[in-house]
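Take a look at the structure below.
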Amino acid sequence: MSFSRFTFMRSLYKLKANVSCLRRYSSQNINLSDPAIQAYLKYLMLEHDNLHTQSRRNPEEIRRLHQIKPIVTVLEQRIALYDSIESLKELNKRDGQDEEIKEMVKEEAAIYLKRIKEIDFELESVLLEPKLTDGGILLEVTAGAGGQEAMLFARELFDLYKSYCEYKDWEVDVASIEKSDIGGIRKGSMLVAGYGAPEYMKIESGVHRVQRIPATEKGGRIHTSTVSVAVLPQATDIEITIADKDLNIETKRASGAGGQHVNTTDSAVRITHLPTGTVVECQEGRSQIKNKEIALQKLKTLLLQKQEEAQTSKINKERKSQIGSSNRNEKIRTYNYPQDRVTEHREGGGTTHSLKTFMQGGEQLEILQESLLRHQQYQALMADVNELINKNKTETAKS
């Protein structure tokens with residue numbers, strides 16, 4: 001190991017009890033020269049080395065090794081660059097160097113310093129990269145305060161998410177829609193599956209507030225209404241199984257608009273889970289088989305929810321925190337039509353304009369979600385850093 005690498009590694013390892021690394025981090029910019037950050041990066045390198053040298057690893061250790069490897073790869077490039085700069089410094093100290101060699105050293109150093117800035121940006125990016133999974137969710141959109149106007153916006157929000165799922169190339173199946181009299185919806189649900197779907201769509205949980213002049217009113221008064229969005233993890237066959245004897249499955253003709261085929265074919269499916277009395281329906285597709293699959297998946301997800309509520313009440317609290325009471329003063333995001341802007345009220349969000357484009361469910365929503373996910377990852381990183389600091393302080397105090 002070179003002297004510069006040894007010095008760098010040693011500086012990462014040292015922690016002083018009175019170091020200023022316990023300060024609160026108020027931005028997403030990571031100060032890589034901070035002793036706390038350096039100590040954390042050193043810890044990751046040691047953890048990686050330990051896992052890498054093990055002859056056998058359990059699934060959790062394999063997952064962890066895969067998770068931290070990109071960080072360590074960038075760190076090793078960073079160390080190599082510092083080694084090169086140290087070598088140039090030693091070369092420049094030698095006596096008798098002609099001007100040509102000194103100029104070459106200067107140019108080489110400038111290249112390394114530029115590359116270090118690029119590496120630091122790469123390191124910060126990989127540290128804040130959201131951890132995505134391949135999975136599914138059940139998304140529910142429910143009209144809140146605001147009457148018919150809330151129901152109209154619930155429909156628009158529901159369509160936004162459906163378009164967004166198509167933009168992300170996720171699989172999406174509409175499970176149910178309870179329509180209102182003038183084209184809105186009281187409640188709608190869809191099953192979404194794909195890489196990143198659980199993490200991206202979890203961002204949408206909460207109360208969405210819309211401010212605009214309703215088409216149902218005259219006089220130009222701005223109306224405020226709310227729509228609640230809940231996102232639940234989709235159940236898998238491993239997590240929950242349903243016996244056929246516990247199900248009562250009925251088929252009927254679909255109601256509402258949809259053309260001659262929908263209204264004359266027994267494509268709608270209603271499933272009752274007899275032990276719990278849970279009822280689900282699906283009539284959105286033309287195929288009875290597909291509607292049955294969607295209804296069964298929704299039933300499994302709802303039963304899993306009830307099962308976990310009975311055990312820990314975790315999902316129940318999560319759903320309550322997501323939906324709130326749907327009052328106008330509870331919000332995660334505001335859609336202001338008169339000012340043509342969308343304002344995300346959570347940390348890591350901001351304001352974006354061109355509301356019409358945003359409601360198409362494309363890149364603008366994706367950028368907003370990625371910003372929020374990066375902020376969440378930043379907070380998780382800082383929590384890990386402070387946990388390491390406290391652990392070192394405790395060990396130092398004991399020794």
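These numbers come from the heavy atoms of this one structure, side chains and all, not from hydrogens, waters or symmetry mates. Numbering of residues begins at 1 and proceeds along the displayed sequence.
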Is the closest side-chain donor-acceptor distance between Ser176 and Ser189 under 3.5 Å? yes

Can we say Lys106 and Glu103 salt-bridge, meaning some charged N sits less than 4.0 Å from an Asp/Glu carboxylate O? no

Separation between CG of Leu132 and OH of Tyr195, rounded to the nearest 0.5 Å: 4.5 Å

Could you tell me whether Lys69 and Glu76 make a salt bridge, using a distance below 4.0 angstrom between a side-chain N and a carboxylate O? no

Flag yes if Leu113 and Ile79 sit in one hydrophobic cluster, no otherwise; membership is Ile, Leu, Val, Met, Phe, Trp, Tyr, and two members link when side-chain heavy atoms are under 4.5 Å apart. yes

Heavy atoms, side chains only, cut-off 4.5 Å: are Ile37 and Met382 in contact? yes

Can you tell me how far the OG1 atom of Thr351 sits from the CG atom of Leu368, to the nearest 0.5 Å? 10.0 Å

Could you tell me if the side chain of Tyr337 sits less than 4.5 Å from the side chain of Ile213, heavy atoms only? no

Minimum heavy-atom distance between Gln364 and Ser354, given as atom pair plus value: OE1-O, 3.4 Å

Determine, stepwise, if the pair Lys298 / Glu281 fulfils salt bridge (Lys or Arg N to Asp or Glu O under 4.0 Å). CA-CA 9 Å; Lys298 182 176 179 179; Glu281 293 185 7; over 6 Å; no

Does the side chain of Glu199 come under 3.5 Å of the side chain of Gln369 through a donor N or O and an acceptor N or O? no

Compare all side-chain heavy atoms of Gln376 with those of Pro130 and state whether any distance is below 4.5 angstrom. no

For Phe121, I'd like to know if atom CZ has over 12 heavy atoms of other residues, nucleotides or ligands within 6.0 Å. no

Could you tell me if the side chain of Leu247 sits less than 4.5 Å from the side chain of Leu299, heavy atoms only? yes

Does a side-chain N-to-carboxylate-O contact under 4.0 Å join Glu149 and Arg212? yes

Separation between CD of Glu140 and CZ of Phe158, rounded to the nearest 0.5 Å: 10.0 Å

Is a side-chain donor or acceptor of Arg341 paired with a backbone partner of Thr352 at a separation under 3.5 angstrom? no

Treat each ILVMFWY residue as a node, draw an edge where side-chain heavy atoms are under 4.5 Å apart, and state whether Val141 and Met190 are in one component. yes

Point-to-point distance, once rounded to the nearest 0.5 Å, from CG of Leu128 to CG of Leu373: 11.5 Å

With no hydrogens and no angle check, do the side chains of Tyr82 and Glu86 hold a donor and an acceptor under 3.5 Å apart? no

Mind checking whether Ile389 and Lys393 have side chains closer than 4.5 Å, heavy atoms only? yes

Sidechain N-carboxylate O distance under 4.0 Å for Arg270, Glu250: yes

Does Gln297 reach the main-chain N or O of Ala235 with its side chain, forming a donor-acceptor pair under 3.5 Å? yes

We want to know whether Arg64 and Gln67 form a side-chain donor-acceptor pair, criterion being a heavy-atom distance below 3.5 angstrom. yes

pair Val227-Val210: side-chain heavy atoms closer than 4.5 Å: no

Interatomic distance, CZ@Phe358 vs CZ@Arg333, rounded to 0.5 Å, equals 4.5 Å

Option from Val174, Leu157, Val192 for which side-chain contact (heavy atoms from CB on, under 4.5 Å) with Lys162 holds: Val174

Atom pair OG1 (Thr334) and CD (Gln339), whose distance is rounded to the nearest 0.5 Å: 10.5 Å

Would a 4.5 Å heavy-atom cut-off, applied to side chains only, mark His273 and Ile271 as touching? no

Side chains of Lys290 and Asp173, heavy atoms from C-beta outward: is any pair under 4.5 Å? yes

